[in-house]
*Asks:* 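Please find one structure pasted underneath; my questions will follow.
Numbering of ligands and ligand atoms starts at 1, following listing order. From a predicted model like this one, the values you see are computed outputs, not experimental measurements. These numbers come from the heavy atoms of this one structure, side chains and all, not from hydrogens, waters or symmetry mates. Along the sequence shown, the residues carry numbers beginning at 1.
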Amino acid sequence: MSCRRFKLEQVAVSLLALAMMLSGQSDAQTQYYGKLIGSFPSPAGQGGVAGAVYAVDANRLQIVGFSFDGSVTAQFRAGSTGSPSGSEGVLVPNEQGSTSPLGVYNNRKLVIALPGGTTLDDVKWFSVWGQNSTLGHVTVPDNFVYPRPRNIGEFSRRQHQVRSGDVTIVNAKEFHIQNLHYDGFGPDAFFWAGNQDDRPSPRGFKVPDHRGSSDEKLPRYSGQTINIMLPGDVTVYDIKWLSMWCIRFTANFGEVFIPDPADLNVPPLVEDVEIPPMPMMNCEELHRDMQVSWTLAGENLDVELAGRVEDGDYMAFGVSGCNDRACMVGSDVTVAWYDGDAPRAVDYTLKAYSQCSGASGVCPDDRVGGTDNNDNITGRRVNGITRIRYSRPINTGDTTTDKVIDPSQNMYISWAIGPINPSGVAAKHHTRVEVSDQVKLMFGREASDMCEMISSAIPAPVTPWPTRKIKGDQVTNFTVRIGPTGGRRGYEAITGLPSWGIAYWLNGLLIPELELKRGWNYTFIVEGGNDTATPERYHPFYITDDPTGGYVQKTPAEQQQVRVFAGVDENGMPTAAGRYCEYNNPNGDTSETSETFAEYAGTLQEDCMPGQAAQFTWTPDENTPDLVYYHCFTHQYLGWKIRVVDEFTSGAAGVSAGMLAVMGTLFAGALLLGHI
Ligand SMILES: *[C@@H]1O[C@H](CO)[C@@H](O)[C@H](O)[C@H]1NC(C)=O
Ligand SMILES: *[C@@H]1O[C@H](CO)[C@@H](O)[C@H](O)[C@H]1NC(C)=O
Ligand SMILES: *[C@@H]1O[C@H](CO)[C@@H](O)[C@H](O)[C@H]1NC(C)=O
Ligand SMILES: *[C@@H]1O[C@H](CO)[C@@H](O)[C@H](O)[C@H]1NC(C)=O
Ligand SMILES: *[C@@H]1O[C@H](CO)[C@@H](O)[C@H](O)[C@H]1NC(C)=O
């Protein structure tokens with residue numbers, strides 16, 4: 001890593017330049033709702049109708065800021081000829097699929113679907129229709145092209161055997177990548193997107209993979225078809241490229257480019273307006289990735305299996321082969337999966353613990369003298385969760401292949417997840433009921449839903465941790481180390497920016513905000529790594545008025561725009577690079593399962609290289625602005641804010657007694673080594 005020299009010139013900040021640099025990153029752009037058709041009149045007329053109408057795709061509309069006072073009997077109506085009238089056109093159901101008169105709406109966002117096969121090609125006007133007249137309407141322009149998914153071709157094939165089939169922008173946040181291959185050997189590889197450079201570059205941010213994870217490096221892909229979602233508020237309109245990228249080695253394994261925004265007419269991501277099927281009466285969690293729900297309907301049992309399963313994996317569920325425990329052999333199960341776009345739920349019997357061969361093994365009933373008794377099979381795949389429903393009689397009469405379900409008995413059950421082989425038969429499971437984890441169900445029990453929402457590829461909302469603050473009245477020494485970013489509850493929530501996966505930790509806290517007093521001496525003890533030959537272990541610490549950091553990545557012109565206050569020598573070389581200390585997640589990221597930040601920090605393990613910390617003392621003075629930042633000299637977005645004050649603000653510092661205990665734990669190792 002070569003560090004360009006620079007003069008420590010204190011050039012006044014150009015706010016404009018900073019704003020431009022920042023907006024180049026990924027801060028929330030104005031939201032994308034679809035292609036605008038038009039706006040209802042301002043709420044002067046009858047009913048106070050207002051709102052802007054956007055096309056989502058061929059047959060859905062999104063109305064943003066919709067208001068209607070409900071004083072007139074009205075419905076949505078659309079027509080293909082002339083202008084709004086009661087004799088032309090069709091009623092359009094409201095956002096709940098109902099055509100009853102519209103209620104009161106106050107600045108709402110609605111997604112509505114045109115009825116039965118109507119597309120926007122058939123629509124000339126869309127109206128809030130009172131009994132005799134339009135209360136407000138929009139006219140679809142001639143030659144209107146509604147948003148549709150966009151094929152952007154294959155990943156370029158650069159390194160690590162990356163190749164793919166076509167990549168489709170499904171909607172403004174989601175990519176569908178067909179037939180993806182990658183050898184899995186990149187040490188620090190992630191999906192990576194950016195817009196600051198025209199080609200993949202270090203100036204980007206992570207995009208969660210098909211598991212919704214951006215904490216773990218990319219796994220091997222061997223021809224899977226996957227969907228991935230852009231993080232936060234970022235849409236495809238905000239990025240220029242998507243790559244498979246190794247952060248440590250700043251290496252591009254392959255990329256696709258996003259067409260120019262002006263030429264990118266893709267659907268927005270909207271909530272599904274499909275009316276969900278009737279909920280089941282009962283639900284049990286079988287595994288982190290699988291749940292079973294059921295309703296006993298007379299002599300039939302309706303079952304829904306829900307799982308976070310890969311394409312080509314089945315979920316199997318049924319009655320155990322043994323009456324007194326969970327056992328595989330003899331089980332009567334349904335094997336459910338998606339065969340392309342078709343949900344399947346096949347009645348199986350497990351004659352032996354082996355592949356189906358002849359009349360033995362794990363076989364569909366109809367191959368071994370029984371019949372397939374499953375009926376009414378439906379499925380949904382939403383947000384990475386596969387749900388398949390089927391019904392079966394509780395007594396099929398198939399004595400050789402099926403068990404009789406007795407609703408009043410606690411029955412042992414069997415379940416498993418595994419791959420479907422290419423001939424459409426269940427292959428050996430990879431996840432199954434544990435012998436130690438005996439599950440019994442009484443199918444006729446009083447209705448009870450014991451399931452949490454199954455976690456999906458679109459992560460459920462999380463509660464961000466509160467921003468940590470350290471007031472520089474009691475604490476004047478700060479130990480600086482590298483640590484994880486706390487998933488979606490930490491760096492991302494605090495800064496509103498996608499993270500790099502690592503960030504500075506000060507005195508055991510993830511990017512705390514510091515409050516420091518002019519005229520006081522503050523000592524920074526830096527253990528961010530001094531190994532210039534290994535970029536991922538070289539994080540010199542400095543203090544600047546630049547919110548972005550990463551000074552060496554800037555052009556000379558950009559460097560002129562920022563001031564550097566500490567952490568560099570008179571030649572502009574970084575000085576504060578001590579030995580490398582990192583807080584690691586030895587058991588994987590726990591940010592979403594930890595109740596509090598303290599609990600999360602308690603799961604981390606400290607890892608320090610031998611050597612000394614670097615150290616400098618900084619005294620903010622009357623020339624120091626009120627807001628400055630601590631950052632890494634070589635990488636952007638590792639640090640956070642320092643508020644510089646003449647008098648400390650009153651009130652407690654943001655660090656509680658509990659936090660101090662955590663800091664104590666995190667520091668114990670270092671204390672033993674005598675480095676603090
Ligand atoms: C609609 O028109 C009919 C007949 O012209 C009239 O009787 C009725 O009052 C009108 N309704 C409204 C809500 O204006
Ligand atoms: C499938 O659905 C039909 C129609 O609702 C119903 O009559 C039939 O009993 C169902 N089959 C089973 C096995 O539940
Ligand atoms: C702060 O660091 C300085 C320099 O390493 C040391 O002399 C001093 O004792 C430290 N102060 C505290 C309160 O730890
Ligand atoms: C800060 O450090 C300087 C140099 O060591 C010393 O002269 C000064 O008294 C210190 N100021 C305070 C407020 O401790
Ligand atoms: C990093 O610092 C340690 C002392 O703490 C020193 O032994 C080592 O040589 C330094 N490494 C580099 C690459 O400068």
*Asks:* Does one side chain, of N300 or S391, offer a donor that lies under 3.5 Å from an acceptor on the other?
*Replies:*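 No pair is found: no donor N or O on one side chain lies under 3.5 Å from an acceptor on the other.
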*Asks:* Can you tell me the protein heavy atom closest to atom 3 (C) of ligand 2 and the distance?
*Replies:*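 Checked against all protein heavy atoms, atom 3 (C) of ligand 2 sits closest to N376 ND2, 3.5 Å.
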*Asks:* Check ligand 2 against N300 and write out every atom of the ligand that is under 4.0 Å from a heavy-atom position of the residue.
*Replies:*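 In order of numbering, the contacting atoms are 9 (O), 12 (C), 13 (C), 14 (O).
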*Asks:* Whether the T619 and N521 side chains hold a donor-acceptor pair (N or O, under 3.5 Å, no angle test) is what I'd like checked.
*Replies:*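 Indeed, the side chains of T619 and N521 share at least one donor-acceptor pair under 3.5 Å.
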*Asks:* Specify whether the nearest protein heavy atom to atom 5 (O) of ligand 4 is under 4.0 angstrom away.
*Replies:*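 Protein heavy atoms within 4.0 Å of atom 5 (O) of ligand 4 - there are none.
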*Asks:* Checking T371 against D398: is there a side-chain donor and acceptor pair closer than 3.5 Å?
*Replies:*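 Yes, a side-chain donor-acceptor pair sits under 3.5 Å.
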*Asks:* Give the intermediate values and the outcome of salt bridge (charged side-chain N to carboxylate O under 4.0 Å, His left out) for residues E515 and K469.
*Replies:* CA-CA 7 Å; E515 181 178 304; K469 296 192 171 137; over 6 Å; no
*Asks:* Test D546 against every option in R563, K554, K641 by the salt bridge (Lys or Arg N to Asp or Glu O under 4.0 Å) rule and name the one that passes.
*Replies:*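 Among the candidates, only K554 passes.
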*Asks:* Any nitrogen or oxygen of N521, side chain or backbone, less than 3.5 Å from one on ligand 4?
*Replies:*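 Yes: some nitrogen or oxygen of N521 is under 3.5 Å from one in ligand 4.
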*Asks:* How far is atom 13 (C) of ligand 4 from its nearest protein heavy atom, and which residue and atom is that?
*Replies:*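 Among all protein heavy atoms, the one nearest atom 13 (C) of ligand 4 is G519 O, 3.7 Å.
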*Asks:* Do any non-hydrogen protein atoms sit less than 4.0 Å from atom 10 (C) of ligand 4?
*Replies:*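 Given the 4.0 Å limit, the answer for atom 10 (C) of ligand 4 is yes, a protein heavy atom qualifies.
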*Asks:* Could you check whether the rings of Y504 and H539 sit parallel, tilted or perpendicular, using 30° and 60° as the cut-offs?
*Replies:*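 The rings of Y504 and H539 stand perpendicular, inter-plane angle above 60°.
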*Asks:* Taking atom 1 (C) of ligand 2 as the reference point, report whether a protein heavy atom occurs under 4.0 Å from it.
*Replies:*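 True for atom 1 (C) of ligand 2.
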